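Report on the following structure.
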Amino acid sequence: MLKNKQLKGLEFNEPLAKYTTFKIGGRAKYFFVAKNEKELIKALMWAKEKKVPYFILGGGSNLLVSDKGFKGLVIKCQMSNVKCQNQNSTLKTIKVDGGVSLSKLVSLAAKKGFSGLEWAAGIPGTVGGVVCGNAGAFGSCVAEVVESIKVLTTYNLQLTTYNNKNCKFSYRNSIFKNNKNLIILSVELQLRKGNKTEIQKKVSEYLNYRKKIQPLNSSAGCVFKNIEIANLKNKNTLEIIPEKKIKGGKLPAGYLIEKVGLRGKRQSQAQISKKHANFIVNLGGAKAKDVIYLINLTKRKVKKKFGVELKEEIQYIGFR
Ligand SMILES: Cc1cc2nc3c(=O)[nH]c(=O)nc-3n(C[C@H](O)[C@H](O)[C@H](O)COP(=O)(O)OP(=O)(O)OC[C@H]3O[C@@H](n4cnc5c(N)ncnc54)[C@H](O)[C@@H]3O)c2cc1C
């Protein structure tokens, strides 16, 4: 048990805007950076003892933090170990901590000639956040390379290894997104032996493509999930959508937003990107309330015209 009620390194009233790619949000009442498993456990025990809610923060690249901030403890995961293993001549394993940045992981895999993560080049965030939201792009997603995950269950502080099936991965979803008692400590990824030059080339191509299609301003990436046609409730929608717009069984949310005339729509310093309509950008000094206004407006307009209920890909902190 943690006898000392102090948590060394605990910070107070820390502005969360600087920890999110949106650069939006109020302060965390308590803030702590966990550099290893032991520190993470200490922080969780502290929160339990003080009876304050906690939030696990990765790279803050998929979040909208309320202007009022978070009245609990934000734990920033910064566990940073990475180990590469040659399993055999074709299969390669990387064991990586939840706090490692995805960009570091993609570069390392490319340098080693391990293939399977090229699509992830240019996605910000940490391994924990990426696995939590089953991040993906260009028809691939992280679930395809996850072998197993070391998980900390917060209410009993037990360590468990989850295999891929236990993680219940689906489109931008996993068990970790729905159960906040589970923290991703480290992930074992299974990659394949590839040609270093070809891998590097693909990485550069994906990076360049992103620069072309995505805005460079502060944002949290795509605000809404694309629409899975198989789950579409109102099939009449399909009659007014050109078939060529549906790719891999999904209809891009950005297309619908564009069609309701909201591309470029501005609320104070927040704007629906002119370059990619599923991005909301912070032009400098935007508030969470401005982003919320644009989100609600978009949902209303898309529902009215297409009968489609857009669902957020971004996650909210501090709004309850
Ligand atoms: C410019 C830009 C482009 C983007 N492009 C893409 C894209 O192509 N595809 C895509 O899928 N996403 C994209 N995103 C969104 C975002 O980068 C990803 O969702 C990323 O995986 C989020 O990781 P993060 O570490 O920043 O998570 P955060 O935003 O910090 O947190 C997201 C969620 O993960 C949880 N979490 C974080 N770490 C852990 C952990 N160790 N254990 C348990 N839960 C944890 C948090 O509690 C929270 O619920 C983009 C974002 C931006 C800004």
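Along the sequence shown, residues are numbered consecutively beginning with 1. Fair warning: this is a prediction, and the values are worked out from it, not measured in the lab. Every number for a ligand or one of its atoms is a count from 1 in the order of the listing.
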**Asked** In this structure, are over 12 heavy atoms from other groups packed under 6.0 Å from Lys95 atom NZ?
**Response** no
**Request:** Nearest 0.5 Å please: distance from the NZ atom of Lys265 over to the CD1 atom of Ile257.
**Result:** 14.0 Å
**Request:** Linking directly or through intermediates, with side-chain heavy atoms under 4.5 Å: list the remaining ILVMFWY members grouped with Tyr19, chain and number order.
**Result:** Leu16, Phe31, Val33, Phe55, Leu57, Leu63, Val65, Phe70, Val74, Ile317
**Asked** His276 vs Phe279 aromatic rings, parallel, tilted or perpendicular, using cut-offs 30° and 60°?
**Response** tilted
Check each N or O atom of ligand 1 against all protein N or O atoms and list the pairs under 3.5 Å, with atom names and distances to 0.1 Å, one per line.
residue	atom	partner	partner atom	Å
ligand 1	5 (N)	Arg210	NH1	3.3
ligand 1	8 (O)	Arg210	NH1	3.3
ligand 1	8 (O)	Arg210	NH2	2.8
ligand 1	9 (N)	Gly136	O	2.7
ligand 1	11 (O)	Gly136	N	3.0
ligand 1	11 (O)	Gly136	O	3.4
ligand 1	11 (O)	Arg172	NE	3.3
ligand 1	17 (O)	Ser61	OG	2.8
ligand 1	17 (O)	Pro124	O	2.9
ligand 1	19 (O)	Asn62	ND2	3.3
ligand 1	21 (O)	Val130	N	3.3
ligand 1	25 (O)	Gly59	N	2.8
ligand 1	25 (O)	Thr126	N	2.7
ligand 1	25 (O)	Thr126	OG1	2.7
ligand 1	26 (O)	Gly59	N	3.2
ligand 1	26 (O)	Gly60	N	3.1
ligand 1	26 (O)	Ser61	N	2.8
ligand 1	26 (O)	Ser61	OG	2.6
ligand 1	29 (O)	Ser61	N	3.1
ligand 1	29 (O)	Asn62	N	2.9
ligand 1	30 (O)	Gly58	N	2.8
ligand 1	30 (O)	Gly59	N	3.3
ligand 1	30 (O)	Gly60	N	2.8
ligand 1	38 (N)	Gly129	N	3.4
ligand 1	41 (N)	Ile184	O	3.1
ligand 1	42 (N)	Ile184	N	2.9
ligand 1	47 (O)	Ile56	O	2.6
ligand 1	49 (O)	Lys180	NZ	2.8
ligand 1	49 (O)	Gln315	OE1	2.7

**Asked** According to a 4.5 Å side-chain heavy-atom criterion applied to Ile, Leu, Val, Met, Phe, Trp and Tyr, with indirect links allowed, do Val187 and Phe114 form part of one hydrophobic cluster?
**Response** yes
**Request:** For the residue pair Phe12 and Tyr30, categorise the inter-ring angle as parallel (less than 30°), tilted (30 to 60°) or perpendicular (more than 60°).
**Result:** perpendicular
